[in-house]
Structures are given as C-alpha cells and as structure tokens.
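Working notes for the structure below.
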Amino acid sequence: MGNALRFFYRSCCEPTTAVDSTQPPPLGPHGVSADTVGIAALAHDLLQFEVTSLVPDGLNAHVQSSKKAQANWYRKLLVAWKESKPPPRTPEEAARLIIETLKRHHKADVEGLLGFYGLPLPHTLISLSAGVPSSFPDGVKFELHTLPVPAKAVADGDTITVYVSTADPRESSSVPQDVQLAAVQRAKARAQRNYDRADALHQKIVDSGYRVVNFQNDDVLARKYRIRLRGIDAPESAMPYGKEAKEELVKLVQGKSLRVQVYGEDRYGRFVGDVYCNNIFAQEVMLKKGLAWHYTAYDRRMELANWEKEARAKRIGLWAAANPEEPWEWRKDRRDR
C-alpha cells in the first residue's frame, strides 16, 4: 500500500490517546468519526479494500449499482490513487480523482459515492485560472511576503491579519528603535527565565504594531498588517454563509505564507490588496465558490464580475438562495437602526 494511504490511515483514522473513550465520537456518513469524513475516510476504505476486497458498509444506501460493481470502482480508485503524483491532499483533489476515474460510470453512482464521503459534487468544483501576475498591476504600491498564517488570523471571509518579518528589506529600515530594543531585552529576559519581564516587554512590542512570532523554532520580530481582500465583500459572520466564507478562507491560507499586493489603506486602517497563496488567487476562490460578492462599489475588474456570474449560474454557495442580502446593505440596515 502507498505511503499516502498509510499516512492518512494512521494520522486521521486510528484512535489516539487524546480521545475521551467515555464519549463516543460523532459519526460521519459511514460510521467513522466526523473529523475523518472525506479524503481520510476514502484513504482508510481503500486501504481496507486492498486487504479485504470488501467495500465499506452503508455504501448501498448512497448508490444504485451492485456490490460487484462497487468493488470494481474501488479497484480502479486504488490504482488511480497509487499512480497519482502527488496523491490527493484536499477534498477537491479527491473528488476530481473519483470523477475522472469513474467518468464512464453512471452519474448517480459517482455523485452517490462523493456524497458518501462528503466530497464536493461535480457542479461545485471550480477551475482556477489566475496566478500571481508576472509584473505589478497598475495601482499596486508594494508587495508583502508574510509569515505562515494561523487559522485564528482569519476574521471573516474577506479580512486576514498577517505578520511580515522585520528581516524583510522593506521592513528592516522602518522598525522603531524602541521596538528593536524591547525585542533584544525580551530575549535576554527569557534567557534569564524572567518571564514576567519578558511578557511585559512583548506587550510593549504588540502595542507598537509588532509581535515576536515563533517560526521554524526561532523567534522572529514581525510587523502586523490587517489585510482586506480587494474587490470582494463576503457575508458578515452573522449572515447566511458567513461561517462558510470564513471557513473557506481559513482552509485556503492556514499554515501558508502569502503574497499580498497592496493598493492602499481603507478608512479602518486595513491594507487593501490582492492575496495569493501558493499561486492561487484568494479572491477568485471566494467568488467562484459563491462565498462573496464582487464589490463593484470599489472594484471594476471584469474577471471578478465574471467569476461571480459563474457562481450565480451554478447556484453555488450563497447563490443557492433566490435573493441573498448583500453584506453592504446588511451593514447599512444595522447602522440605521
């Protein structure tokens, strides 16, 4: 069995000592815990199939074909998974592998299999076209290269807090002297195990718009930036699809370093920019998945308008509703109350 399947089985499907054995975990669609549904559950079932030649219990409730046909699917998927380089790592990649491998089989069976694992259905998958521009577009003032972004840094579907190392040439010449001194003194205090003083010094650094971030087992002095994704407006947290928009942006940026092309600041002190993650344009993902509006009051780019139209036509995300309320109108209504 390939290493990728073993990895998913061991890291996602085997029980760990952290689990409270007195409380049974919530079950997913085929009897595994909810946090293993999806790509890890598929890897687990392929591993089991290779050993036992048995398809998972409960699949019959989702598909129409016989057990013999189901075994044929898993045989094909097992070969496809082993041959894929790299193997699927996201639900979207796993869904595409299933769709491509079983493209000659009944559509209802393929969609049933995807639904069984909680993987995206064909009509919800998106193709991405935009990468990082080879040169700065008109209006870009500077570009940020951030440290890896934690999940908690995502405020909602269009706002992220990021940190940029002061070793970056653009940052190094502008760090206030008192921040530099506090960082040095904090390091000395920690070396002397004077943690109260170290914490007080770090608070001074934070109050100045900086933070000491642990990166690759080293303390890095970094500047804080609040980023507003340019050209889109995602649902507010209390609105329908607000939670889903935030979760999608977290999934996209968590643990990754970003490139942010900054156009300016808004009235709230946020830096307005285009966000790229592993060559993926974040705004394109949010629009094509139906988790944001094109913010035409501040952006006239045709590609963003077309991405929104594409999601509307597919009735993806918030466009599943007949007439979703725009977030700018939602905010206005609450200001006027």
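When a residue number appears, it is its place in the shown sequence, counting from 1. Note that this is a predicted model, so its numbers are computed, not measured.
- Taking a 4.5 Å side-chain heavy-atom cut-off between Ile, Leu, Val, Met, Phe, Trp and Tyr, the cluster of Val212 extends to Val175, Val179, Ile205, Tyr210, Leu221.
- With no hydrogens or angles considered, no side-chain donor-acceptor pair links His145 and Asp168 at under 3.5 Å.
- Judged purely by distance below 3.5 Å, without hydrogens or angles, the side chains of Arg211 and Tyr163 pair a donor atom with an acceptor atom.
- No side-chain N or O of Gln70 forms a donor-acceptor pair with one of Ser65 less than 3.5 Å apart.
- Separating the CZ atom in Phe281 from the CG atom in Leu252 is a distance of 11.0 Å, to the nearest 0.5 Å.
- Side-chain contact check for Asp207 and Gln203: at least one donor-acceptor pair (N or O, by modelled atom type) lies under 3.5 Å.
- Within the structure, salt bridge (Lys or Arg N to Asp or Glu O under 4.0 Å) contacts touching residues 231-242 (residues at least two apart or in different chains) are Arg228-Asp233, Asp233-Arg331, Glu236-Arg331.
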Going through the distances and angles, do Glu284 and Ser129 end up as a side-chain hydrogen bond (donor to acceptor under 3.5 Å, both in side chains)? CA-CA 8 Å; Glu284 180 180 5; Ser129 56; 3.1 Å; yes
Chi angles and distances behind the side-chain hydrogen bond (donor to acceptor under 3.5 Å, both in side chains) call for Asp156, Thr159: CA-CA 6 Å; Asp156 51 38; Thr159 306; 3.3 Å; yes
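- With sequence neighbours left out, Glu83 forms a side chain to side chain contact (heavy atoms under 4.5 Å, CB included) with Val79.
- With salt bridges taken as basic N to acidic carboxylate O contacts below 4.0 Å, none links Glu247 and Lys251.
- Ion pair Glu100/Lys103 flagged as a salt bridge, since at least one NZ, NE, NH1 or NH2 atom sits closer than 4.0 Å to an Asp/Glu carboxylate oxygen.
- Val220 approaches Ser165 most closely through the heavy-atom pair CG1-OG, 3.5 Å.
- Judged by distance alone, the side chain of Thr146 and the main-chain N or O of Val164 form no donor-acceptor pair under 3.5 Å.
- Using a cut-off of 4.0 Å between Lys/Arg side-chain N and Asp/Glu carboxylate O, Asp219 and Arg186 are scored as salt-bridged.
- Counted by atom type alone, Tyr225 and Arg223 present one or more donor-acceptor pairs between their side chains at under 3.5 Å.
- For residues 65-75, the set of pairs meeting the salt bridge (Lys or Arg N to Asp or Glu O under 4.0 Å) definition, not counting sequence neighbours, is empty.
- Counting only residues at least two apart or on different chains, no salt bridge (Lys or Arg N to Asp or Glu O under 4.0 Å) pair has a member in residues 106-122.
- Checked against side chain to side chain donor-acceptor pair (under 3.5 Å), Arg315 has no partners two or more places apart in sequence or in another chain.
- Between Val285 and Lys289, the closest side-chain pair of non-hydrogen atoms falls below 4.5 Å.
- Taking a cutoff of 4.0 Å between a charged side-chain nitrogen and a carboxylate oxygen, Glu265 and Arg226 do not qualify as a salt bridge.
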